[in-house]
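Okay, structure first, notes after.
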2 protein chains.
Amino acid sequence: MAKISINKIAELAGVSKTTVSFVLNGRGDEKNISLKTQEKIIGIAKSHNYQANYVARSLSMGKSYTIGFVVPDISNPFYGKIARYIEQYAEEKGYSVMVASTGEDIKKERKILNELKARQIDGVILASASPNASEIKQTSSGNLPTVYFDRVFLEQQNLYVDINNSESSSQLTQLLINKGHKRIGLISLSSYLPNIKQRISGYKNTLENEGIELDSELIVDIDLSHKKESIKQALEHLLQMENPATAILFLNNVLAANGIWAINNYYPEQTDKLLFASFDNLDLFDYSKPKVVSALQPNNEIAKHCINMLCKQIDDSEESEGIQLKTTIINR
Amino acid sequence: MAKISINKIAELAGVSKTTVSFVLNGRGDEKNISLKTQEKIIGIAKSHNYQANYVARSLSMGKSYTIGFVVPDISNPFYGKIARYIEQYAEEKGYSVMVASTGEDIKKERKILNELKARQIDGVILASASPNASEIKQTSSGNLPTVYFDRVFLEQQNLYVDINNSESSSQLTQLLINKGHKRIGLISLSSYLPNIKQRISGYKNTLENEGIELDSELIVDIDLSHKKESIKQALEHLLQMENPATAILFLNNVLAANGIWAINNYYPEQTDKLLFASFDNLDLFDYSKPKVVSALQPNNEIAKHCINMLCKQIDDSEESEGIQLKTTIINR
DNA sequence: TTTATTTAATAAACCGGTTTAGTAAATCGG
DNA sequence: CCGATTTACTAAACCGGTTTATTAAATAAA
């Protein structure tokens with residue numbers, strides 16, 4: 001059964017394509033198309049298994065009902081989980097989702113966004129790899145409706161769905177302190193990212209409030225590829241200094257997962273003594289050794305807000321405001 | 001800077017849109033467009049930041065350069081990792097990827113595929129939720145180029161990228177036997193899935209070859225949602241029978257991850273005695289208790305073959321054959 | 001010098017929809 | 001019974017590209 005178009009149906013029914021278009025879009029009554037004609041058209045469409053060509057529709061209407069979901073790495077379960085919700089909420093609003101991973105490469109990110117714009121996406125939900133607000137402004141040049149998440153630059157007036165990074169970090173740090181820890185290591189990455197900056201400041205502020213001296217030796221930066229080897233070295237550093245860390249805060253799930261791996265493989269004797277804390281949550285934190293106190297991000301809510309904000313922006317180009325959601329601290 | 005079209009450029013340059021189209025597609029020389037004209041057109045395009053409208057191009061050429069990647073759940077790291085590679089290889093060939101999750105629901109799968117067809121995707125890479133070959137045939141009705149993976153029905157003549165499920169399962173089982181285990185539990189799910197069927201038969205065949213009596217009490221089916229509670233019950237069953245299991249084979253990563261969770265939370269005293277084995281690999285298998293012997297699927301290769309086969313099918317509609325790749329057994 | 005060929009372009013159809021403006025015929029109100 | 005309104009439907013423009021067939025002018029060959 002070859003594909004059938006609106007033109008063919010018009011021909012078969014002996015009416016104009018206008019009429020067919022009206023009827024198949026459910027505007028038959030409104031447009032005063034007789035019942036007989038409507039039935040004839042619908043009958044032909046059904047029997048030929050008509051399916052609208054959305055590409056043609058997009059071109060004609062100037063709207064593709066497609067959005068982009070652009071993140072550093074879709075195989076990271078944090079982004080994967082959000083992707084699943086994004087998909088769901090997008091579908092509810094009639095949008096399909098194009099997914100792309102930037103690999104933390106700004107040039108690639110720009111290329112991807114240009115490609116998606118050429119494909120006439122209506123908007124994009126973006127966890128940008130950009131190191132700062134001005135860079136991001138260039139990247140997202142043009143006026144593509146955009147909602148930022150995970151990597152949010154407040155300096156910009158753009159729409160965003162953020163979380164309380166600083167506060168969550170404080171809460172995690174406080175929890176470690178309450179459990180008697182005073183030497184708290186921090187394993188961080190590429191500290192120019194705004195969420196990471198905030199997480200670091202939450203850690204620092206809490207130590208200060210508690211009158212614990214800040215020791216910059218306790219803070220280790222891992223490069224973006226966060227290879228297992230560099231995590232191992234970081235742990236080595238934290239555990240073998242003169243006054244070693246007794247607890248470690250990891251600033252995201254990948255760091256923590258690698259940390260757990262490294263400690264089990266290189267310092268298994270330490271697993272009972274140490275306490276870990278991490279941003280994002282992973283199932284394995286429930287039973288890993290050491291146990292991990294974590295700050296669970298509200299993935300479902302993040303996705304929901306991203307989609308709602310984006311759709312609002314697409315429809316009304318109404319400038320609403322960004323939002324900040326709260327993590328849930330899981331104490332194990 | 002408002003969007004500029006090929007028509008506007010033609011107007012500004014004082015030439016026809018045909019000429020502009022030729023030049024901007026790099027066919028200026030071939031089409032004998034004078035250097036002067038070419039330069040003028042390219043200059044205008046650049047200064048106005050021209051970007052082709054792929055929707056229009058799609059409509060005109062009857063090709064969207066978009067493919068679908070449809071799986072049960074994109075947040076499952078197994079699919080997530082493959083998605084990342086799919087993305088990469090697709091991009092190399094000029095395709096963008098639309099991702100959708102079926103949630104193991106055939107009706108939803110059909111809806112998604114219809115939606116994607118309406119969007120004129122050129123082909124789809126599909127891990128189908130269908131329970132059998134005839135069902136899948138209906139689902140994929142129409143003649144959308146399709147490559148199946150993970151959920152492959154050999155009865156069909158379709159293109160597929162499969163793995164050696166039965167053999168891998170045998171290898172895992174053999175490994176457990178070689179380590180002295182004779183009571184090997186099997187935690188499986190919805191056994192109508194072809195890959196699961198094959199994995200079960202690999203287990204059974206190996207037991208038989210080794211002269212170990214098959215005990216159907218050792219085989220437990222978990223329902224598709226594989227809730228943690230049902231895993232707990234399965235473990236309870238396997239560990240508290242008169243002649244309990246000393247090793248357990250999990251037929252996919254989600255089952256294994258939940259199994260590790262359950263054993264650590266409900267039977268922590270057993271973690272040192274038991275040995276686990278699982279399909280797919282997860283980083284946590286390296287250090288979890290119990291350790292997990294696993295069959296790592298070649299994600300990169302799977303993705304590469306999926307894309308290559310799909311492109312071949314799209315371009316030539318040449319009927320090539322399916323392929324079966326091998327897992328890597330990781331012995332811990 | 002005439003004809004054949006190459007150069008440099010273009011008009012127009014086409015892809016498959018949406019939408020505006022309009023028309024002829026039927027019905028209604030007075 | 002005539003003008004106004006409603007009913008039922010359509011022509012044609014438009015979205016932004018690609019592609020085929022054609023043309024006029026310039027150059028080459030005979």
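Numbers restart at 1 for each chain; the letters A, B, ... are given by sequence-line order, proteins then strands.
Considering only side-chain atoms of B:Thr19, the nucleotide from C:dG17, C:dT10, C:dT19 that sits closest is C:dT10. Of the candidate nucleotides D:dC15, C:dT18, C:dT10, C:dT18 has the atom nearest to the side chain of A:Arg57.
The neighbour count for A:Tyr89 OH, taken as heavy atoms of other residues, nucleotides or ligands under 6.0 Å away, is above 12.
Listed pair B:Tyr50 / D:dG17 meets the phosphate criterion, a side-chain N or O lying under 4.0 Å from OP1 or OP2. For the pair A:Ser21 and C:dG17, the criterion of a side-chain N or O lying under 4.0 Å from OP1 or OP2 is not met. The phosphate of D:dT10 has OP1 or OP2 within less than 4.0 Å of a side-chain N or O from A:Ser16.
Across residues 23-32 of chain B, B:Asn32 each have a non-hydrogen atom less than 4.0 Å from an atom of DNA chain C (numbered order). Using a 4.0 Å cutoff on non-hydrogen atoms, the parts of residues 34-43 of chain B near DNA chain C are B:Ser34, B:Thr37, ordered by number.
Taking B:Lys40 as the reference, nothing meets the salt bridge (Lys or Arg N to Asp or Glu O under 4.0 Å) condition, with sequence neighbours excluded. Here B:Asp122 pairs with nothing under the salt bridge (Lys or Arg N to Asp or Glu O under 4.0 Å) rule; sequence neighbours left out. For B:Tyr79, there are no ring pair (Phe, Tyr, Trp, His ring centres under 6.0 Å) partners, not counting sequence neighbours. For A:Ser96, the side-chain contact (heavy atoms from CB on, under 4.5 Å) test picks out B:Met98, B:Glu115, B:Arg119, with sequence neighbours left out. With sequence neighbours excluded, the residues that form a salt bridge (Lys or Arg N to Asp or Glu O under 4.0 Å) with A:Glu301 are A:Lys304. Residues passing the salt bridge (Lys or Arg N to Asp or Glu O under 4.0 Å) test with B:Glu91, sequence neighbours excluded: A:Lys108, A:Lys111. Under the side chain to side chain donor-acceptor pair (under 3.5 Å) criterion, A:Thr18 pairs with no residue at all, not counting sequence neighbours.
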Are any protein N/O atoms closer than 3.5 Å to N/O atoms in nucleotides 24-28 of chain D? If there are, list each pair with its distance.
none

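Distance alone, capped at 3.5 Å, places no donor-acceptor pair between the B:Ser60 side chain and the B:Ser58 backbone.
Residue A:Val55 is classed as having no contact, given no heavy-atom separation below 4.0 Å to the nucleic acid. Residue contacts for A:Tyr54: at a heavy-atom cut-off of 4.0 Å it reaches no nucleic acid atom on any strand shown.
Summary of helix geometry: the two end axes of the helix from C:dT1-D:dA30 to C:dG30-D:dC1, each defined by five base pairs via their C1' atoms, are inclined to each other by 50° (rounded to 10°).
Applying the 3.5 Å distance criterion, the base of C:dG17 shares a donor-acceptor pair with the side chain of A:Ser60. Below the 3.5 angstrom threshold, one finds a donor paired with an acceptor across the side chain of B:Thr18 and the base of C:dA11.
Note: NZ (B:Lys63) to P (C:dG16) measures 17 Å, nearest angstrom.
Every pair tested for ring pair (Phe, Tyr, Trp, His ring centres under 6.0 Å) that includes a residue from residues 15-46 of chain A fails, sequence neighbours excluded, so the list is empty.
Salt bridge status for A:Arg151 with A:Glu104: present, with a side-chain N to carboxylate O gap under 4.0 Å.
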